[in-house]
2 protein chains.
Amino acid sequence: MAGTGRGEQGGGERRTDALSKERIVDAAIAILDAQGESALTFRALAASLATGAGAIYWHVANKNELLQAAADAVITRVVSDESTREAPAAIRAIASGVFDAIDAHPWVGGQLLREPGQSAVMEILEGFGEQLEGLGVPERDQFNAASALVNYVLGSAGQFTAGARINPEGLGRTEFLARVATRWTERHDAATYPFAHRAAAQLREHDDREQFLAGIDILVAGISTLR
Amino acid sequence: MAGTGRGEQGGGERRTDALSKERIVDAAIAILDAQGESALTFRALAASLATGAGAIYWHVANKNELLQAAADAVITRVVSDESTREAPAAIRAIASGVFDAIDAHPWVGGQLLREPGQSAVMEILEGFGEQLEGLGVPERDQFNAASALVNYVLGSAGQFTAGARINPEGLGRTEFLARVATRWTERHDAATYPFAHRAAAQLREHDDREQFLAGIDILVAGISTLR
DNA sequence: ACCTGAACACCGTTCAAGT
DNA sequence: ACCTGAACACCGTTCAAGT
């Protein structure tokens, strides 16, 4: 019972090359970053760790736990201590951090959406939630407000990830989006989709990060309404 | 070249039991609804259509196209014609429609997040976008505003889906969430996660649908700020 | 043109056997 | 306690062969 939990306090590892959950997670992140979600198989992971596929199961219950641990590792680094700033700036900073993390590790976006009450998502919820007092939001509305921020961030994260997955690498994101937009407008007529056609035009001079933060600002403005 | 497209105008089908993309999509939706995402395999689908696995590939390029078509079929029915109402009510109605569709077909939530520029998502974008003029949003902000709404809806959708996937059916959603919250609070101390602990308490007397719509209201309030 | 179904190239996961 | 690696039970997809 003693050493079972996920505490893993640095007691003193014998050999540096021994397998551990941490090493496995790091190797998984490296594969995910370099070659994408579809490249992460237990066989590839075992090969990169110079071990057998079954060995991994001694440290990790299954693939889902592995992906969760990988996503948590990336997000946890990012969300911590923005508590010093003014409320709106802190919210922006947390959101930017999550955005940048997903930009650097696109697979994280998809993973966050698959684990609802899991560490990474709760970390983000906590980060946003602690700022709401500073915006003067009454306690009864705080949960709704924090949820709205989290759901918006997760939805945006999913969009980035989906975009990254389809983009035949080499194209810049804006250029890629412009191409998608062109294809879409060619296939759907402007009469039934007037708004989407106007949006597609704007897409060319558009920056994902700015649009993401514009959404955060809209939410903060809406939240400031609750008093 | 003539009959290739996805037009499929009702010319006159010969035998009612012939395979078609529409029949395949309907069968897929039935399996997804009844047994969940993991139950949809080409073998199971072929069996339910009383045909061979390879036959499906004559009508559908691959599994991803099948899932997209299924999600589009569910969403398209829902988003159409809310155009008569006042802007804020119309936005609420569209959001409610999407929420209810995902509530009834949880697999749709995950699928919407995997197809960025695809029909269903664009349909939702269009629905929201057309209401923004009525809120007095200047054209240059309309794309950001509509995107924020869509991303929020998609993020929420992902959360519902993830919840539904984990929920060992039989429990009501509120009861299930309460159980998740209890488990989470037991494992994380209130000192480092003060907000999440308060949120977990509120979770017991909480309604998903209401919280979702509260987020929509926050967004609408924020969007009305743009002038 | 449309359908069949065996075959291919993979997966995640298990488990007897080793050290 | 930890690791090995073959084996199991699946997948999505292809394709020669049928009608």
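Naming convention: chains lettered A, B, ... in sequence-line order (proteins, then strands); numbering from 1 in each chain.
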Presence of salt bridge, [Y] and [X], under 4.0 angstrom:
X	Y	answer
A:Arg209	A:Asp100	yes
B:Glu37	A:Arg114	no
A:Glu123	A:Arg77	no

| task | Quick one: closest heavy-atom pair of A:Ala71 and A:Gln111, and the distance? | result |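 Closest heavy-atom pair between A:Ala71 and A:Gln111: CB-CG, 3.6 Å.
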Mind calculating the distance between [atom1] ([X]) and [atom2] ([N]) to the nearest angstrom?
X	N	atom1	atom2	value
B:Lys21	C:dC2	NZ	P	15 Å
B:Leu49	C:dC3	CG	P	10 Å
A:Ile24	D:dC2	CD1	C1'	11 Å

| Once the angle between the rings of B:Phe99 and B:Phe160 is folded into 0 to 90°, is it parallel (under 30°), tilted (30 to 60°) or perpendicular (over 60°)? |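 Rings of B:Phe99 and B:Phe160: perpendicular, as their planes differ by over 60°.
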| request: Indicate the ring-plane relationship of A:Trp184 and A:His188, choosing parallel, tilted or perpendicular according to the 30° and 60° boundaries. | output: parallel
| Between A:Trp58 and D:dC2, does any side-chain N or O lie under 4.0 Å from OP1 or OP2? | yes
| Spacing of A:Ile75 atom CD1 and A:Ile102 atom CD1 [to the nearest 0.5 Å] |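 Going from CD1 on A:Ile75 over to CD1 on A:Ile102, the span is 5.5 Å.
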| field | Contact state string [nucleotides 5-19 of chain C, B base, S sugar-phosphate only, - no protein heavy atom under 4.0 Å] | value | B-B---BBBB-----
| request: Can you run through DNA chain C from 5' to 3' and write each base as (, ), [, ], | or . depending on how it pairs? Watson-Crick or G-U wobble, both distances under 3.5 Å. | output: ||.|||||...|||||.||
| task | Output, in order, the C-alpha distance, side-chain angles, deciding distance and verdict of ring pair (Phe, Tyr, Trp, His ring centres under 6.0 Å) for A:Phe195 and B:Phe128. | result | CA-CA 9 Å; A:Phe195 181 79; B:Phe128 286 138; 9.9 Å; no
